[in-house]
Amino acid sequence: MRKHTIIKNAKIVNEGQTIEGDILIENDIIKEIASSISVKSSEITVIDAEGNYVLPGMIDDQVHFREPGLTHKANIETESKAALAGGITSFIEMPNTKPQTTTVEKLEEKFEIASKSSHANYSFMFGGTNDNLDEILKVDSKTVAGLKLFLGSSTGNMLVDDPAVIEKIFSSTDMVISVHCEDEATIKKNLEAHIAEYGDDIPMEKHPIIRSEEACYISSSKAIELAKKTGARLHVFHLSTGKETSLFSNKIPLKDKKITAEVCIHHLWFSDEDYARKGSHIKWNPAVKTSKDREQLLKALLDDRIDVIATDHAPHTLEEKDNSYTSAPSGGPLVQHALVALLEMHHQGKISIEKIVEKACHNPAILFDVEKRGYIREGYYADLVIVDLKSPWTVNKSNILYKCGWSPFEGNTFKSRITHTFVNGELAYNNFKVLDVKAGRRLTFNR
């Protein structure tokens with residue numbers, strides 16, 4: 001029997017415009033979009049959106065869900081639930097787990113875990129190292145989101161620092177190569193100087209001076225130079241400086257770009273002025289920089305030099321975070337609060353809802369060739385989010401879904417609320433409650 005759901009009276013945001021109308025979901029697919037729909041069926045659910053907005057589910061191209069091996073911080077089940085609460089219906093998870101996802105065997109083990117536990121749609125990045133080119137060449141690019149290289153060391157050190165190896169990887173694969181760009185030598189020199197001055201107890205506001213603009217720019221510019229030389233398909237993760245935005249272009253459409261860029265929520269929201277209040281809770285790699293950097297990142301996002309918004313969701317326990325500078329790990333949880341933070345920026349007049357949808361839904365689908373997701377289109381999978389822009393709520397311990405139990409947004413009141421999240425046509429989240437439905441599927445790619 002066919003199962004039908006109608007979302008009525010919605011403001012549907014898709015492909016640069018907002019239209020009023022209804023959406024008919026049949027089983028897992030968007031069957032019809034029209035100004036008014038009625039269906040005669042014995043099994044039909046009607047949801048009155050009451051003039052609220054319906055967006056495509058976000059596709060988060062960079063998360064760390066910590067499974068396997070680091071599940072005291074997070075796991076695929078807990079964080080995929082938090083993602084649904086944050087309007088994210090698909091995620092691409094990173095390889096720096098334990099063991100690292102640097103062999104085809106370990107990659108398949110992660111897919112097996114996700115197939116049993118993920119509430120959202122999922123794929124993974126395969127990890128590159130200084131010595132696993134043979135494994136990289138075994139990966140079928142039709143089955144995995146892409147390749148991840150850490151060109152600066154971060155959590156779960158997977159540093160790739162041999163220039164000959166990097167060039168060989170760039171020359172040898174047709175996968176999207178996503179890179180973390182920070183220059184290791186620059187960071188090491190800066191850190192040693194600060195340890196000489198402060199010992200382990202370096203003030204947290206020195207983080208963007210240690211992991212500096214220069215460290216980011218040197219690494220990003222080298223990666224781009226190499227991509228141009230080799231013809232590699234390069235995606236630079238989490239830009240954090242205004243200076244780096246000059247390295248990217250908006251002269252051709254995203255589908256034709258060989259070199260692309262991403263910005264994360266925290267680099268659009270926080271600045272170095274927040275370290276005094278938030279301390280290690282906003283310690284990320286790359287570091288949150290100045291308010292000027294934040295403005296320049298937003299400008300580059302709006303003018304299409306930056307293509308994608310993501311979270312870099314990377315939870316640690318409070319026990320781990322609440323340490324001295326040299327002991328506190330970098331990273332924080334973000335998926336549950338990603339969309340409402342972006343909508344808050346919309347309320348502040350900084351970005352349109354249509355642009356949010358372009359950068360967080362459409363563009364990841366284009367960039368990674370995700371099949372039938374990221375848009376509200378007839379024939380596409382029904383990954384949909386209903387948001388009420390006039391329903392304030394405050395982030396606190398009682399409504400945080402992350403396994404780590406904290407958020408850098410604690411105490412923030414957001415004007416917007418996610419009321420419903422659909423995954424493959426199934427209502428999976430409804431008003432602060434993740435429903436007992438595991439509708440997530442492995443992402444497929446048009447390659």
Side-chain angles (χ1 to χ4, degrees), residues 58-101 106-107 109-125 127 145 148 150 154-158 180 237-238 264-266 278 280-285 310-323 327-341 395-410 421 423 428-429 432 434 438 440 442-443:
M58 285 174 65
I59 301 172
D60 192 344
D61 79 352
Q62 188 187 182
V63 303
H64 303 263
F65 282 179
R66 306 300 192 201
E67 189 172 9
L70 299 162
T71 52
H72 66 287
K73 305 176 198 269
N75 61 52
I76 289 171
E77 178 158 24
T78 58
E79 308 312 283
S80 66
K81 284 181 174 181
L84 294 187
I88 294 165
T89 54
S90 300
F91 65 83
I92 298 170
E93 208 262 354
M94 297 299 109
N96 52 334
T97 46
K98 282 187 178 176
Q100 296 166 345
T101 318
K106 295 305 174 198
L107 176 67
E109 284 174 14
K110 278 176 89 165
F111 275 118
E112 182 64 18
I113 293 166
S115 72
K116 293 180 175 134
S117 62
S118 185
H119 288 250
N121 304 311
Y122 54 89
S123 192
F124 298 100
M125 291 275 180
K148 171 72 181 284
F150 289 88
S154 194
T155 303
N157 193 359
M158 285 180 63
H180 175 128
F237 272 159
H238 45 45
C264 291
I265 309 284
H266 45 283
K278 295 281 184 181
S280 65
H281 291 201
I282 61 161
K283 186 189 184 204
W284 278 280
N285 297 341
T311 67
D312 193 15
H313 173 89
H316 301 282
T317 66
L318 279 173
E319 188 181 3
E320 290 166 330
K321 285 296 269 185
D322 292 344
N323 273 300
S327 300
S330 292
L334 253 166
V335 287
Q336 187 182 347
H337 305 103
L339 181 53
V340 289
V395 180
N396 58 50
K397 295 274 188 226
S398 70
N399 56 35
I400 289 170
L401 296 178
Y402 311 127
K403 186 171 184 182
C404 67
W406 66 275
S407 165
F409 289 109
E410 273 174 70
T421 304
V423 180
Y429 171 83
F432 290 110
V434 180
K438 278 188 188 150
R442 182 169 172 165
L443 294 176

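Throughout, residue positions are numbered sequentially from 1 according to the sequence presented.
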If you measure from NZ on Lys278 to CZ on Phe409, what distance do you get to the nearest 0.5 Å? 8.5 Å
Walk me through whether Ser407 and Gln336 qualify under side-chain contact (heavy atoms from CB on, under 4.5 Å). CA-CA 9 Å; Ser407 165; Gln336 187 182 347; over 6 Å; no
Pro315 side chain near Lys403 side chain, heavy-atom distance below 4.5 Å: no
Distance in Å, Ile282 CD1 paired with Ser330 OG, rounded so as to fall on 0.5 Å steps: 11.0 Å
Look up atom CZ in Phe111 and atom OG1 in Thr101, then write down how far apart they are to the nearest 0.5 Å. 9.5 Å
Minimum heavy-atom distance His316-Cys404, with the two atoms named: O-CB, 3.4 Å
Reference residue His180; test side chain to side chain donor-acceptor pair (under 3.5 Å); the match among His238, Lys148, Gln62: His238
If you compare all heavy atoms of Pro333 against all heavy atoms of Pro408, which two are closest, and at what distance to 0.1 Å? O-CD, 3.4 Å
Could you work out, with side chain to side chain donor-acceptor pair (under 3.5 Å) as the rule, every residue matching Glu320, not counting sequence neighbours? His72, Lys73, Thr317
Distance col, row Ile59:CD1 vs Ile88:CD1, nearest 0.5 angstrom, shows 11.0 Å
Strictly distance-based, threshold 3.5 Å: is any side-chain N or O of Ser117 a donor or acceptor partner for the main-chain N or O of Ile113? yes
Enter the distance from Lys438:NZ to Ser118:OG here, rounded to the nearest 0.5 Å. 9.0 Å
Shortest non-hydrogen contact from Pro68 toward Thr97: O-CB, 3.3 Å
Could you tell me whether Phe65 and Tyr122 have their ring centroids closer than 6.0 angstrom? no
Within the side chain of Ser80, is there an N or O that forms a donor-acceptor pair under 3.5 Å with the backbone of Glu77? yes
Output yes when a side-chain donor or acceptor of Lys321 lies under 3.5 Å from a complementary backbone atom of Gly331, and no otherwise. yes
Before we go on, tell me: are the rings of Tyr402 and His313 under 6.0 Å apart, centre to centre? yes
Reference residue Leu84; test side-chain contact (heavy atoms from CB on, under 4.5 Å); the match among Thr421, Val335, Leu401: Thr421
Check Leu334 against Trp284 and note the closest heavy-atom contact, atom names and distance. CD1-CZ2, 3.9 Å
Do His266 and Asp312 pair up side chain to side chain, a donor and an acceptor below 3.5 Å, judged on atom types alone? no
Lys397/Glu410 salt bridge by N-O under 4.0 Å criterion: yes
Backbone of Ile92 reached by a side-chain donor or acceptor of Asp61 within 3.5 Å: no
Between the main-chain N or O of Ala328 and the side-chain N or O of Lys283, is there a donor-acceptor pair closer than 3.5 Å? yes
Nearest-0.5 Å distance, CD of residue Glu67 to CD1 of residue Ile76: 4.5 Å
